[in-house]
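Right, one structure below, let's go through it.
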Amino acid sequence: MIEKSYSPKDIEEKWYRLWLEKGYFQAESKSSKPSYCIVIPPPNVTGSLHIGHALDATLQDILIRWKRMSGFNALWLPGTDHAGIATQNVVEKDLKKEGLDRHKLGRDEFIRRVWKWKGEYGGRIISQLKRLGASCDWSRERFTLDEGLSKAVREVFVRLYEEGLIYRGDYIINWCPRCHTALSDLEVEHEEIKGKLYHIKYPFANEKGYLTVATTRPETMLGDVAVAVNPDDERYKGIVGKVLRLPLLNREIPVIADEFVDPEFGTGAVKVTPAHDPNDFEMARRHNLPFIKIMTGDAKMSDDAGPYKGQDRFKCRENVLSDLQSLELLGDAKEHTINLGHCYRCKTVVEPYLSKQWFVKTKPLAQEAIKAVKDKRINIIPEGWENSYFDWMENIKDWCISRQIWWGHRIPVWYCQDMQSEECKNHGGIIVSIETPEKCPSCGSNKITQDEDVLDTWFSSALWPFSTLGWPAETDDLKTFYPTSVLVTGFDIIFFWVARMIMMGLKFMGDAPFRDVYIHALIRDSHGQKMSKSKGNVVDPLEIIDTYGADAFRFTLTAFAAQGRDIKFSVDRVEGYRHFINKIWNATRFILMNIKDAEEVKSVKEISCLSLADRWILNRLAGVIEEVNKALDEYRFNDAASVLYQFVWHEFCDWYLEMVKPTLARDDDNKGRSAAISTLLHILEISLRLLHPFMPFITEKLWHDIPSQRDKEADSICVQRYPKPEDSPTDRDAERKMNIIMDAIIGIRSIRGELNLPPSLELKALINTSDGTKDILNENVIYISKLAKVKDIEIGEDITKPQDAATSVRPSMQIFVPLTGLLDMDAEIKRLEKEILKIEETASQLRKKLSNREFVSKAPKEVVEENKAKYDDFIEKIHKIQENIEKLKQLRRKDG
RNA sequence: GGGCGGAUAGCUCAAUUGGGAGAGCGCAGCCCUUACAAGGCUGAGGUCACAGGUUCGAUCCCUGUUCCGCCUACCA
């Protein structure tokens with residue numbers, strides 16, 4: 001016997017501990033079973049579990065538990081990401097509190113501090129995943145800075161370099177002045193803001209007049225080296241080649257012609273600032289113009305900014321504008337929306353900045369990645385995301401991979417300081433090596449220094465599906481689990497991560513890193529807003545688990561995880577699904593209560609005298625098993641959840657349990673009781689297994705309370721076989737018959753409900769029906785009397801309506817409930833008339849359709865016949881109700 | 001600028017090949033009927049955003065419009 005109510009906390013702790021002790025989540029490196037593998041999208045080591053992780057992990061856990069139970073050698077490989085910039089920021093903040101900064105500490109000491117921090121706090125998100133019930137193979141947990149993974153990073157870097165796919169050079173990159181590092185294009189978040197388009201007059205150097213340029217960033221004029229116009233622009237035909245005097249600095253700059261300039265925009269004249277704008281950079285290269293850096297890495301003005309040196313970039317803008325104003329060189333300023341880039345880690349406005357960085361030449365890698373998806377070596381689900389994927393891949397730009405921070409994989413490049421040999425000089429003293437070199441391999445000098453930069457964190461993440469399995473070593477894990485089965489992630493990191501994993505996997509493993517990519521929705525708050533700390537609308541998954549239990553939380557996430565749509569989340573919904581957990585608990589409790597100790601529970605297959613209800617629910621279960629497996633196979637998690645919800649609550653609890661209650665209560669029918677008990681346990685046990693991937697804790701707990709499992713302490717539901725449709729006997733005839741019984745019950749209940757007759761009122765029912773149905777009803781009259789709460793039931797083929805009876809016309813029967821002296825004739829007439837109206841509405845639609853010759857001649861024959869049959873049924877029903885109304889009206893006249 | 005998605009009951013969302021629109025929550029009425037009041041039964045509630053088109057027939061397919069959300073882009 002189990003406790004009256006369900007308290008998740010104790011159960012969750014107990015069973016999770018046991019799962020770990022028994023090693024149920026550990027996959028085998030070599031196995032005769034088929035492999036199934038998911039690598040977790042590694043959360044940031046600095047992070048704590050947010051609701052997006054919870055959804056992501058829940059879906060993965062469902063898949064893994066489902067496959068593990070279905071006989072696969074299932075590996076869910078967990079781990080965390082070192083998250084270079086984010087983690088460095090966190091530790092730097094801590095240092096600041098102590099009045100320190102990383103430069104005071106020095107590189108080595110700083111790195112030590114970060115590792116220490118990681119040791120103390122880095123495990124948080126892992127323990128939170130455990131609270132959720134994640135069945136990861138923790139023995140294989142990885143961290144992107146692990147020795148093995150670092151080796152993979154070096155191997156990849158060196159090989160790409162040797163193939164000419166990695167290069168170093170001076171280019172305009174996105175620079176975060178706060179994080180003090182370069183960022184890739186993806187790491188910049190664009191936001192539209194209202195800004196101004198300023199018109200500035202640049203006087204000619206050798207004659208009167210001026211040329212007006214339009215710019216949103218007036219301060220960058222300090223770095224201008226030219227003004228460009230379109231060569232076809234008639235307005236400026238004569239002035240190309242003339243010299244302007246740059247205001248404020250009085251530098252002489254030429255007017256050049258370049259196709260890039262759009263004559264329609266602004267004034268048609270563009271100031272050219274090669275060191276601070278990617279387009280200008282390209283233009284300067286085309287025209288051999290100099291590059292003047294007017295800012296430092298802090299986004300303060302540099303020596304080259306003349307009198308503005310040392311000013312902050314925004315302050316400088318104000319000063320430049322007011323200085324131009326006083327020189328009367330400032331024209332109109334128009335309202336203009338500007339798409340401003342911000343650092344995705346610290347939200348600081350990024351600066352296009354000229355600097356020396358390392359890049360991956362991505363085009364060749366992208367070619368293969370496109371092909372892999374095109375020929376279905378990788379399936380993206382839902383398919384809609386393929387378009388974005390192709391679009392991004394086809395327009396891919398080189399990837400800036402060097403970061404000017406300390407926490408990360410240091411670039412495996414050394415520079416020879418001496419360059420004593422010709423060979424050494426030829427390649428600029430650059431040494432690129434997997435192993436850390438002692439001396440320069442070309443000239444033998446031991447004065448070598450390593451590149452100061454580290455790699456983009458996403459560089460190591462891109463290797464995750466194979467680096468975690470042991471690559472570059474040829475491990476058993478790698479052979480067994482690569483390519484992995486599916487990647488489950490949110491759409492926000494398709495480009496950051498998914499696309500790059502595909503490129504790297506194809507390049508270094510010669511095969512896609514995963515067969516399927518399941519892209520799930522983003523979780524928003526109940527108003528559809530993105531959750532963020534600054535908005536204060538974040539929901540803490542741990543709090544939800546504490547309040548409602550992990551199972552309810554997981555089931556809620558699953559039920560809302562429809563493909564291709566964001567999830568609006570609120571805790572109220574979790575509460576709703578906690579009721580479902582409670583329902584399962586209580587249904588189990590009821591079943592266990594009804595098992596007598598001595599009773600021998602038999603398998604349903606051995607029992608010959610199953611009741612109609614037994615056979616019906618067994619049949620339904622077979623259907624549910626099939627639907628759930630199919631839904632999971634197609635990643636329709638919400639469908640799987642709703643099928644289970646519907647079955648357990650409404651079919652099993654509302655119908656079946658109510659139907660077997662009388663049988664269980666009878667002492668004189670041991671066979672019937674025994675069949676019912678067997679059926680109950682069969683349904684319960686299989687349902688628990690079906691539900692287990694969705695709600696692992698409660699199913700485990702209840703499964704052990706089932707008599708047949710009580711002695712098997714070593715066992716766990718998580719390693720039992722996942723149900724297959726053939727586990728439950730099918731019986732179409734039972735389904736047909738049960739529909740008739742249910743229809744009778746619903747008919748009587750409707751009368752009771754609509755006429756507000758209290759359940760305490762004893763009713764009698766008369767059912768008029770045809771021959772075949774009569775027998776079915778008679779054989780199962782007990783269900784009707786119990787569930788519809790009627791004492792006497794008379795069933796016959798020519799029963800006529802008693803005088804003062806309420807009626808319900810069903811497809812295969814007419815039900816009369818005599819209400820002598822109780823029936824409010826007017827109310828009943830009204831009720832029946834309303835029903836006619838309702839039927840008539842749909843009937844008239846059908847009539848219209850059927851009287852349309854085109855429909856009858858052109859529509860498929862089955863459809864026409866189907867509609868005709870439906871129509872006839874409606875008309876018959878209306879007639880019968882009409883008759884009943886007439887009889888009531890006659891009666892009323894007599895009484896009156 | 002380009003692309004994608006959404007608009008269905010008061011709320012949140014389903015509806016897989018175009019053929020009488022569903023669920024959960026909420027609401028109303030009746031009920032503590034020996035698992036569960038975190039429950040049961042019954043019911044009300046929809047011009048499927050708008051306008052055209054294809055079709056015998058459109059919530060579904062096509063075109064356009066409006067509103068909302070997202071992704072993406074070097075118009076200074």
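FYI, side chains are in, hydrogens and waters are out, and symmetry mates aren't considered; it's all heavy atoms of this structure. Here is how names work: the chains are called A, B, and so on, in the same order as the sequence lines, proteins then strands, and each is numbered from 1.
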Given that both distances must come in under 3.5 Å, which nucleotide forms a Watson-Crick or G-U wobble pair with B:C50? B:G64
Do A:Lys271 and A:Thr220 meet the criterion of a side-chain donor-acceptor pair at a distance under 3.5 Å? yes
Over how many whole Å does the gap from A:Glu383 atom CD to B:G5 atom P extend? 12 Å
If I pick the P atom on B:A7 and the same atom on B:U12, what distance separates them, to the nearest angstrom? 12 Å
A cation-pi test, strictly: NZ or CZ of A:Lys661 under 6.0 Å from the centre of the six-membered ring of A:Phe590 and no more than 45 degrees from its axis. Yes or no? yes
Test item: side-chain donor near acceptor, A:Glu189 and A:Tyr344, under 3.5 Å: no
Is the shortest heavy-atom distance from the side chain of A:Lys861 to the side chain of A:Val856 under 4.5 Å? no
Does a nitrogen or oxygen in the side chain of A:Lys661 sit under 4.0 Å from OP1 or OP2 of B:A35? yes
Just by protein heavy atoms under 4.0 Å, how would nucleotides 71-76 of chain B read 5' to 3' in B, S and -? -SBBBB
Please give the nucleotide sitting opposite B:A28 as a Watson-Crick or G-U wobble pair, both distances under 3.5 Å, or none. B:U42
State, to 0.1 Å, how close A:Arg831 and A:Ala806 come at their nearest heavy-atom pair, and which atoms those are. NH2-CB, 4.2 Å
Measure from CG on A:Leu592 to P on B:A35 and round the result to the nearest Å. 13 Å
From CG of A:Asn395 across to P of B:G1 the rounded distance in Å is 19 Å
Strictly below 4.0 Å, N to O, side chains only: are A:Glu840 and A:Arg847 in salt-bridge contact? yes
Please classify the nucleic acid contact of A:Pro352 as base, sugar-phosphate, or nothing, using heavy-atom distances under 4.0 Å. nothing
Please tabulate the protein-to-nucleotide N/O contacts below 3.5 Å involving nucleotides 39-43 of chain B, giving atom names and distances.
{"from": "B:G39", "atom 1": "OP1", "to": "A:His579", "atom 2": "ND1", "distance (Å)": "3.0"}
{"from": "B:G39", "atom 1": "O3'", "to": "A:Lys583", "atom 2": "NZ", "distance (Å)": "3.0"}
{"from": "B:G40", "atom 1": "OP1", "to": "A:Lys583", "atom 2": "NZ", "distance (Å)": "3.4"}
{"from": "B:G40", "atom 1": "OP1", "to": "A:Trp649", "atom 2": "NE1", "distance (Å)": "2.4"}
{"from": "B:G43", "atom 1": "OP1", "to": "A:Ser750", "atom 2": "OG", "distance (Å)": "3.4"}
{"from": "B:G43", "atom 1": "OP1", "to": "A:Glu754", "atom 2": "OE2", "distance (Å)": "3.4"}

